[in-house]
Amino acid sequence: MNATHRIDGREHRVLALRRGACQRLEIDGSPLEASLRWTGDHEGTLTVNGHEHPVAAAQDGPVLFVHLEGRTWRIETIQGFADRTEGGAADGGIRAPMPGVAVEIEVEVGDQVAANQRLALIESMKMQTEITAPVPGVVTAVRVAPGESFERGAVLIEVERSD
Amino acid sequence: MSAAPQPLFPKALVANRGEIARRVLRCLRSLGIPSAVVYHEADRHSPAVAEADEAVEISGASPTAAYLDIEQIVAACARLGVAAVHPGYGFLAENAAFARALADAGITFIGPSAEVMELMGDKIASRQFVAEHGFPVPPSVELAATDAGFGQAAADLGFPLVVKASAGGGGKGMNIVASADELDRALRVAASEAERYFGDGRIYVERYFTDIRHIEVQVLGDGERAVHLGERECSVQRRFQKVVEEAPSPAVDDAMRARLGAAAVGIASAAAYQGAGTVEFLHTPEGEFFFLEMNTRIQVEHPVTELVYGVDLVAEQVRIAAGRPLSLNQDALRPNGHAIECRLCAEDAAGGFLPETGRILHLREAKGEGVRVDSGLHPGQEITAAFDPLLAKVVAHGPTRQAAIDRALGALRSTVVLGVGTNAAYLAAILAHPAFARGATDTGFIGRHQAELLAAPPADALAKALAAAHLADRQTRLIDAAMPSLHAAMGSWTN
Amino acid sequence: MRRIATRISPSSASYRANRAHNLEVVGEFRARQRAARFDRPDRDRERLARQDKQMPRERLEQLLDPGTPFLEFSSLAANMAYDGGSPSASCITGIGVIGGREVVINCSDPSVKGGAWYPLTVKKIIRALDIAIENQLPVVHLCDSAGAFLPLQSDLFADKAMAGRIFRNQCLLSKLGCKQLALVFGHCTAGGAYIPTLSDYSVIVEGTGAVFLGGPPLVKAATGEEVTVDELGGARMHTSVSGTCDFYAANEAEAIAIGREVVMQWEQREKFPLQQEAPEEPWYDPEDLYGIVPDDVRKQFDMREVIARIVDGSRLAEYQPDYGDTLVCGFANLWGYKVGVLGNNGVLFNDSSLKAAHFMELCNQNRVPLVFFQNITGYMVGREYERRGITKDGAKMIMVQACSEVPKFTVMTNGSYGAGNYGMCGRAFDARLLFSWPHSRISVMGEEQAANTLVTIKVAQLKREGLEPDEAELQQIRADVLANYENTTSAYYATSELWDDGVLDPVDTRNALGIGIEAALNAPFGEPRYGVLRL
């Protein structure tokens, strides 16, 4: 179970070759030896090939945040399966392209909608984005109300296809 | 036995959240004024709530709606016996109706009068006001967009143009038009957006200057007299949003400072301005400047002025609101050194600057000589899209501009915010850019250098980070704690 | 404890000849092993891909902790049986690490006849579960098997050491508190259905995983009922209706992730506190083993040279170095752990037998595991030795060895003949792990003696029938006998029949033993106690 990680949309592979106090790793094909000594809950000293660096790290599920040499990294471990704790959306669920706030919801459950019809307006970063129907169909659920905020990937509206 | 000096107000409330709420509370404490703050449930655990003497929960359809709810906030003030309200920036800071509602309840609004706010809040009216008083405004068309001749008049200004909402400001409701065939559509969109956003469909069109500097002058006025505290340069912008600000501007010499200052003081004086305000100017490479707008509030970037002039602007606001005359003399206001502010935001610079959300898992704010961090963050805080993505302001002061840059870079690099993506590396890339070091910071800076600013980090840094992530991973630590040392040392061997 | 002084020279002609020979031997072993592990017909690979199934080794790679060893057992099991129709006996077993915990793996190989069980598959699975019982290790079963290979059902079903033993062992493990997890990737039919059902935890994969006593065709034949695989024993049904399985997984990757989570919840028991020092690599290069082991099984070599390439720092505290010198005994450390080593340096005499018996008693008293390096032609024969009671002394050695309570490990380094095999902890004496080097040979007596005996019998038989074989016929008889004998005395035959836990490249011996010793610490060492010694 070696890990594939994603940083800024790019995938990287970390192979553990040896564990223990000083681990031998192969990162994107290059070997290195590394160890991590914790000095606090989230702070410690990283030793890579004999050189020490102060490091801070914290984890949120599959995402690790690492602060190293003045830079913070968001490193996501890719799992080979869907995380079912998120309560996935039914097919036809329209997901938020970015976190934001719903400004207007223009449809109700039961509405017949055409493909590309505007369903809602969301705001993020002082910019408004239209949410449109990906397929023609019937609105089966509206999961967000005007003024409500949501995370990236949250299902906003569900449309069941009917051609 | 001498009586303790009376505070300026028996109690003051901060109608805001986040870093600015803390900033104002800190000032109230230093002035000996008992403090209160309103908060939405989402901010229940915020430092502002902990640091205020009293805190009142307010509610709303959304967290933002709560902070915009005049009726609820005024009622809370009345209930607490608050004598004055500081609105911070954003939310109700430039809302005349809020100022009036407070006045009706016998509460002082810490800021200029409702009339001045209305005047400056209406971009068309404020431009006319400024022009009438003899200060330069950019070439523009102010006809109603439905008027015949608007399009022609606009085209006559020459492209590119920028369409703005009269009720807009702060970069909101602006659309750039590059050529004539885009104009009609842009006007229609802008008007409908202005109507939807601000409830005021009036728009106007200005000549759009590319690669100019955005320079603003800090003023303080007590209604009788006004002074300026020099300029701030806020040219490093992305999509009209300020990213890095500094004082003084590398493009402004003493003579220019005197001219800009005189104009700003002139405008403030003409409006009999009371409190802190900011007059924004466009500054062309030819040394011309035009009035852009006046912000009748404390600005996000006020700390750079405070560090360079040694003045607590929020305390001055409070004093003026309490009816004290301005204590500062223009002649005594001299800039000292250089200050730079970086806006640390929850956004994914590499991913199209989309906002980032998450929970603050670990936090370590920068410290050090000349470093000031204004932050409202706390561990465990949920960063959502409900509010502005500004997390903290990392500010540094130094005897020279380069010293300030170096300290700001150091501060950015030692700022640890884990749990939500930030633009810290992007900010550091801006400060470390040679063009920034040269002071070549017009509004085209980011557009020109974006590729370099977003350059991927070096591979060895990436490998180290991945190694750290692997070793810090909960799974790795659990496995290693459980594993016999023999298996650990043998590694991935098989027979 | 002193470093063993080496007498070999890498530049010597014998070293170079041995090395060339042994590299060839090991090369052939690796080639056979690679074929057993990976050579599969395209149609089988395609069938698995169509079913969205991974190859069993891909499943294992995801299941085991990265950066940890996997000691595979008997990778060449069944290599000389069924015309090669059951590579690795159609399953993968071994000791691996999941969530830092040592586990025994029992993994079906659906790429060979749907994972059907041959008689040697059953033997290999039973052996893996025996290893789990002896060492009190948890077991993870990766189930994907079509069930018994029917043409050979009489060889795998009814006897004591046949399929029922698998389930008996599962029950015993559970009783011992050794956890079992079953990951159901494919069908578990009939008896196979009991593997997940007798496990303490089970995960079943949607679509491909199924557990039932009888599949749809059998149900149709028996009762006329028409039912789909999913209705009869699919993932949804078993996790929400019958409760036969615990966790539903949408695909193999999720099943493996759930399985890892399950294992990581298991308690970790206190291990036996065996004396340990910081591990140290051997001082001498283990690759020297290729130059030490002779190119002919009949050539003698000094077992100290072998021990020096396997133990920590090449150090050995030799016991009675000047007595019974055809057996080397001494204390050493292996991966830091204290062990008692016994290695043959010639035939066993009375003195070497007594030395062995006494040394093993010391190890039992000291609670130190025993490691046997076999290169033994047997106990010395002849009037003189019988008069001195060679079998009496041999019996003492066998008695103490058989009754030893400390874990034992055996390596067949060269020859293993006659009662020497027994005294030096052959298969019948419950070594926790027993490995063979690829060129080693094992039989009741040496090839020459055996061939001569067999030729004598054959000629006597022909003569009784009135035939008088000429010299050419005698040569032919002799060649036939030798060829057949050689075939069944080779390490490949031994490992095919599961007389060992696998053939090892000599340089892998140190790690294999290390994993074995570490595993053995999961079970308590018993108090020393022996039967009646004939004094």
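The model shown is predicted, which means the values in this text are computed figures rather than measured ones.
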- Could you tell me which portion of Asp8(A) (side chain, backbone, both or neither) has an atom closer than 4.5 angstrom to a non-hydrogen atom of chain B? side chain
- Message: Please check if the number of heavy atoms outside Asp460(B) that lie under 6.0 Å from its CG is greater than 12.
- Response: yes
- Could you check His67(A) against Thr415(B) for side chain to side chain contact (heavy atoms under 4.5 Å, CB included), going step by step and ending with a plain yes or no? CA-CA 9 Å; His67(A) 183 90; Thr415(B) 297; 5.9 Å; no
- Message: Do Gln59(A) and Leu361(B) make a side-chain contact, defined as non-hydrogen atoms from C-beta onward lying under 4.5 Å apart?
- Response: no
- Query: Is the cationic atom of Arg477(B) (NZ for Lys, CZ for Arg) positioned less than 6.0 Å from the six-membered ring centroid of Trp38(A) and within 45 degrees of its normal?
  - Reply: yes
- Shortest non-hydrogen contact between Ala56(A) and Val416(B), atoms and distance: CB-CG1, 3.8 Å
- Item | Taking every non-hydrogen atom, the tightest pair across Val101(A) and Ala386(B) | CG2-CA, 4.1 Å
- Message: Just so I know, are the side chains of Leu64(A) and His470(B) near enough to count as touching, which here means a heavy-atom distance under 4.5 Å?
- Response: no
- Task: Go through the atoms of Pro355(B) and report whether side chain, backbone, both or neither lie under 4.5 Å from a heavy atom of chain A.
- Result: both
- With a 4.5 Å limit on heavy-atom distance, are the side chains of Lys464(B) and His53(A) in contact? yes
- Item | Heavy-atom closest pair, residues Ala467(B) and Leu32(A) | CB-CD1, 4.0 Å
- Message: Can you tell me which portion of Ala65(B) sits under 4.5 Å from chain A's heavy atoms? Options are side chain, backbone, both or neither.
- Response: neither
- Any donor-acceptor N/O pair, Arg413(B) side chain to Glu69(A) backbone, under 3.5 Å: yes
- Message: At under 4.5 Å between heavy atoms, what parts of residues 146-154 of chain A are in contact with chain B? List them by residue number.
- Response: Gly147(A), Ser149(A), Phe150(A), Glu151(A), Arg152(A)
- Item | CA sep, side-chain torsions, deciding dist, call: Thr72(A), Val417(B), side chain to side chain contact (heavy atoms under 4.5 Å, CB included) | CA-CA 8 Å; Thr72(A) 301; Val417(B) 178; over 6 Å; no
- Item | Atom group of Leu462(B) that falls short of 4.5 Å from chain A, counting heavy atoms | both
- Ala489(B) versus chain A, the contacting section by heavy-atom distance below 4.5 Å: backbone
- Would you indicate whether the side-chain heavy atoms of Met490(B) and Arg18(A) approach each other to under 4.5 Å? no
- Query: Would you call Arg364(B) and His42(A) a side-chain contact if the rule is heavy atoms closer than 4.5 Å?
  - Reply: no
- Message: For residues 113-120 of chain A, give me every residue with a non-hydrogen atom less than 4.5 Å from any non-hydrogen atom of chain B.
- Response: Arg118(A)
- Message: Give me the atom names and distance for the closest heavy-atom approach of Pro99(A) to Thr357(B).
- Response: CB-CG2, 3.5 Å
- Query: How about Arg359(B): does its CZ atom have over 12 heavy atoms from other parts shown lying under 6.0 Å from it?
  - Reply: no
- Note on the structure: The interface call for Thr476(B) against chain A, heavy-atom contacts under 4.5 Å, is both
